[in-house]
Amino acid sequence: MAKSPVEVNLIPIEATSETFADYGQIIEASRDGETFGPNDAQLDLSRGTPRLYIMPLQDTSFSFSKITHHAHVTQCLGSIGAHVWYVGVAKPSLIEGDDERREDTVESKSGHLYAPPAVEEVRVFRISGTKFVKYNRGTWHVGPLFKESSMDFYNLELTDTDVVDETTYDFRKNNGVTFRFKPIEETSS
């Protein structure tokens, strides 16, 4: 009989530029005409044709066991309508030089090297309002996750990201772990 996975309960963190810095950027509104600067999304879309599209999602849950990264591109996600949503993340663990190789180094199906994400490094972030998320290259991520039955998101990546640059790690299979969290309840003023 197979062992049941251990459930790790995570506490969501409000996504801000500071709290999300290890994973990417939180981009907020800026004035029209403002010049490009460090608060704008620092994108890497240099390895293909960018694709900006609306991604309708339905029936997500507040638990997960798989997490994905893209080694060759940054990715941006944002809620249409400024709804509250969540993402699970772990720091990038790409290995890009021989001096970075570790005992647990894995070669992906697309040929890049990475270290598996650590269970204790997985975090959940809450995104609210007119913000969007920019993941750094290699940031492990899952979501968007949300309470509503359906939500639409805009997604900026490359036309073939999900075909040639998607590496998924399965915590249930590799570590016997699943993650769960409770959403932060809204308070009315």
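Quick note: residue numbers are just sequence positions, from 1.
- In the hydrophobic cluster analysis, where Ile, Leu, Val, Met, Phe, Trp and Tyr join through side-chain heavy atoms closer than 4.5 angstrom, Y135 is grouped apart from L156.
- Scanning for ring-ring contact (aromatic ring centres under 6.0 Å, His included) contacts around Y23 gives F20, F125, with sequence neighbours left out.
- The closest side-chain heavy-atom distance from P116 to N174 is not below 4.5 Å.
- In this structure, the separation between CG on D165 and CD on Q75 is 10.0 Å, given to the nearest 0.5 Å.
- A side-chain donor-acceptor contact under 3.5 Å links S93 to the backbone of A115.
- Under the 4.5 Å side-chain contact rule for hydrophobic residues, V133 and I13 share a cluster.
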Q | C76 vs L43, side chain to side chain contact (heavy atoms under 4.5 Å, CB included): CA-CA, chis, key distance, verdict | A | CA-CA 9 Å; C76 294; L43 303 174; 3.5 Å; yes

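- For the pair I67 and P117, the minimum side-chain heavy-atom distance is below 4.5 Å.
- Aromatic ring centroids of F179 and F181 lie 6.0 Å or more apart.
- Summarising the geometry, atom CE belonging to M151 is positioned 10.5 Å from atom CG belonging to L145; distances are rounded to the nearest 0.5 Å.
- To the nearest 0.5 Å, atoms OG1 (T105) and CG (L113) are separated by 6.5 Å.
- The closest side-chain heavy-atom distance from I80 to F153 is not below 4.5 Å.
- Listed for the T60 side chain is a donor-acceptor partner under 3.5 Å among the backbone atoms of F146.
- V87 and I127 make their closest contact through CG2-CD1, 3.8 Å (heavy atoms, listed as atom of the first residue, atom of the second, distance).
- The minimum heavy-atom distance linking P183 with F62 is given by the pair CG-CE1, 3.5 Å.
- Distance OH/Y169 to OG/S108: 14.5 Å, rounded to 0.5 Å.
- Summarising the geometry of P50 relative to G48, their closest heavy-atom pair is CD-O, 3.5 Å, with the distance given to 0.1 Å.
- Within 6.0 Å of CG in L52 there are more than 12 heavy atoms belonging to other residues, nucleotides or ligands.
- Distance alone, capped at 3.5 Å, places no donor-acceptor pair between the D152 side chain and the Y154 backbone.
- Counting heavy atoms from C-beta on, the side chains of Y86 and V142 never come closer than 4.5 Å.
- Between the CD atom of E148 and the OG atom of S150 there is a distance of 8.5 Å, given to the nearest 0.5 Å.
- Put simply, the side chain of T68 does not reach to within 4.5 Å of the side chain of T167, judged on heavy atoms.
- Salt-bridge formation is not detected for the pair D170/R172: no Lys NZ or Arg NE/NH1/NH2 atom is positioned less than 4.0 Å from an Asp or Glu carboxylate oxygen.
- With a 6.0 Å radius and a threshold of 12 heavy atoms from other residues, nucleotides or ligands, K131 has its NZ atom above the threshold.
- In this structure, D44 contributes its side chain and V73 its backbone to no donor-acceptor pair below 3.5 Å.
- At least one donor-acceptor pair under 3.5 Å links the side chain of Q42 to the backbone N or O of D40.
- N136 and K134 are linked by a side-chain donor-acceptor pair at a separation below 3.5 angstrom, with hydrogens and angles left out of the test.
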Q: Under the side chain to side chain contact (heavy atoms under 4.5 Å, CB included) rule, what do S128 and V84 come out as? Steps first, then yes or no, please.
A: CA-CA 4 Å; S128 61; V84 173; 3.9 Å; yes

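- What you find for E157 and D162 is that their closest heavy atoms are OE2-OD2, 3.6 Å.
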(Q) Go through it in stages, so that I can follow the logic: the residues are L94 and H69, the test is side chain to side chain contact (heavy atoms under 4.5 Å, CB included), and I'd like the CA-CA distance, side-chain angles, deciding distance and then a yes or no. (A) CA-CA 9 Å; L94 298 174; H69 77 219; 3.8 Å; yes

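- The six-membered or imidazole ring of H70 lies away from that of H112, with a centre-to-centre distance of 6.0 Å or more.
- The aromatic ring centres of Y114 and W140 sit less than 6.0 Å apart.
- Side-chain contact annotation: S63 with E7, donor-acceptor N/O pair under 3.5 Å absent.
- In this structure, R123 and L10 have side chains that are not in contact, with every pair of non-hydrogen atoms separated by 4.5 Å or more.
- Checked by atom type and distance alone, the side chain of H141 never pairs as donor or acceptor with a backbone atom of V89 at under 3.5 Å.
- With a 4.5 Å cut-off on side-chain heavy atoms, T178 and V6 do not count as touching.
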(Q) Run the side chain to side chain contact (heavy atoms under 4.5 Å, CB included) test on V177 and S65 for me, step by step, so that the C-alpha distance in whole Å, both residues' side-chain angles and the decisive distance to 0.1 Å come before the verdict. (A) CA-CA 7 Å; V177 166; S65 61; over 6 Å; no

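- F171 places a side-chain heavy atom less than 4.5 Å from the side chain of V119.
- Closest approach of K109 to E166, counting heavy atoms only: CE-O, 3.5 Å.
- In this structure, I54 is not a member of the same hydrophobic cluster as L57, with clusters built from ILVMFWY side-chain heavy atoms closer than 4.5 Å.
- Among all heavy-atom pairs drawn from G143 and L77, the shortest one is O-CD1, 4.5 Å.
- Counting non-hydrogen atoms of other residues, nucleotides and ligands closer than 6.0 Å to CZ of R137 gives a total above 12.
- If you take CZ on R102 and CD1 on I95, they are separated by 6.0 Å, rounding to the nearest 0.5 Å.
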